[in-house]
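Computed over heavy atoms, backbone and side chain alike; hydrogens, waters and symmetry mates excluded. Since the structure is predicted, the reported quantities are computational estimates derived from the model, not experimental observations.
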Protein chains: 2
Amino acid sequence: MTEKQKEILSIAMELFAKEGFDAVSTSRIAKSANVSEGLIFKHFKSKQGLLDAILQLGQEAVEGLLTSLKEEDSPKEIIRQVIQMPFDMDEEQYHFWRLLYSLKWQADVYDESISEPIKEFLTQAFRKLNYGHPKLEAETLLILMDGIATTVLLKKPKNQNRLMKHVLNKYNL
Amino acid sequence: MTEKQKEILSIAMELFAKEGFDAVSTSRIAKSANVSEGLIFKHFKSKQGLLDAILQLGQEAVEGLLTSLKEEDSPKEIIRQVIQMPFDMDEEQYHFWRLLYSLKWQADVYDESISEPIKEFLTQAFRKLNYGHPKLEAETLLILMDGIATTVLLKKPKNQNRLMKHVLNKYNL
DNA sequence: CAAATTTGTGAGTGATTACTCACTTACTTT
DNA sequence: AAAGTAAGTGAGTAATCACTCACAAATTTG
């Protein structure tokens, strides 16, 4: 991948995440990335193709995270890691997730395939801990994490740490 | 308010909610509402003005809900009502909330003024019930409700009732 | 009833959109 | 070094965008 390709992807992800896919024009992306507009279409075929490439890269990064979860077998540790996830994101992850969350609301593009495997792990973990309704418990925790991710992505609250500890405490961690 | 005005507002809210503010053109709104495009601008000045009018109406409807919460003084009942909120929406409320939630992700328009008063009520309720950290508890519940509202608005899950009862059960209700 | 105001139309506006294309420049391969 | 391929440019395109405006129809007011 060329330097300019990487630059286009990086700038586009940041702009899409901050302002929304529809609100950012290919001409603005080209200017911000110091690249001719034509190059975007040479490499990514269309604006949608550019978005697809961004999502593809992010998806692969997420799968890396999942692998480390898979190797963990202590149920308490699995739950702890899931709860901690939204609280430690670097800037690139931050942009990716913000983009992904904003795309949920665009017509019919919602995709829950990312959280589905995590739900499986959580269900197993709650079952091992003898929770009454492990699947429902996993769904509820995931929904809570979705809410937490949303507030972190949108509001960057100051007392994230207190919130995290409070949630961990609710699950005796 | 004219019939055509109401029609414009209703159609625009539905389209904005389903496809996003940027993705819907004034020309499409006019066609869907069987109205000339000029009329939209005569009544609402700009596309942004149309959005503002929609949000204004929704805001007023929400304030009605808050009033009934205010009159409730049993802490358990307050918490129960907050938890039940996202599970009973009529179609118009559904469109309004979906629009509001999608707008969160547009650049810098996020507005938490709607949930702020609810947070106050909840904090008081948790305090009355001798929870250790009533404010943190209220924040956490609101974040969970935000996550639940998101899944209801996006996925319309089949077993909403089981989820609701599970959450109520977590708060001994 | 007449005047005035409001409601409504539809053809137009310049600006911006995603995208194309003929072309040059840089790098690889033989 | 010659030929072939990939990277990159920038001016152009038709379509669509939000918005305006001169005007007509309907309604309200004096």
Return the orientation label for the A:His166 and B:His133 ring planes: parallel under 30°, perpendicular over 60°, tilted otherwise. perpendicular
If you count every heavy atom of other residues, nucleotides or ligands that lies below 6.0 Å from A:Glu92 atom CD, does the total exceed 12? no
Audit row: A:Arg162, B:Glu139, salt bridge (charged side-chain N to carboxylate O under 4.0 Å, His left out) steps and yes/no: CA-CA 11 Å; A:Arg162 268 174 51 97; B:Glu139 280 169 10; over 6 Å; no
So for atom CD, which belongs to A:Gln48, do other residues, nucleotides or ligands contribute more than 12 heavy atoms lying within a distance under 6.0 Å? yes
Is the closest basic N to carboxylate O distance between B:Glu7 and B:Lys4 below 4.0 Å? no
From CA spacing to verdict: salt bridge (charged side-chain N to carboxylate O under 4.0 Å, His left out), B:Glu137, A:Lys170: CA-CA 10 Å; B:Glu137 203 66 54; A:Lys170 275 189 173 293; 2.6 Å; yes
Heavy atom of residues 23-34 of chain A under 4.0 Å from DNA chain D: which residues? none
A:Lys47 to A:Phe16, cation-pi by 6.0 Å centre distance and 45° axis angle: no
If I take atom CZ in residue A:Phe41 and atom P in nucleotide D:dT9, what distance separates them, rounded to the nearest angstrom? 14 Å
When you list every nucleotide of DNA chain C with an atom under 4.0 Å from a heavy atom of chain B, which one comes first 5' to 3', and which comes last? C:dT7 to C:dG10
Determine whether the side chains of B:Gln56 and B:Asp52 contain a donor N or O and an acceptor N or O closer than 3.5 Å. no
If we ignore angles and hydrogens, is there a donor and acceptor under 3.5 Å between the side chains of A:Gln124 and A:Glu120? no
Classify the side-chain pair B:Thr26/B:Glu37 by whether it contains a donor and acceptor separated by less than 3.5 Å. yes
Protein N or O to nucleotides 5-8 of chain D N or O, pairs below 3.5 Å:
unit_1, atom_1, unit_2, atom_2, d
D:dG8, OP2, A:His43, NE2, 3.3
D:dG8, O6, A:Lys42, NZ, 2.9

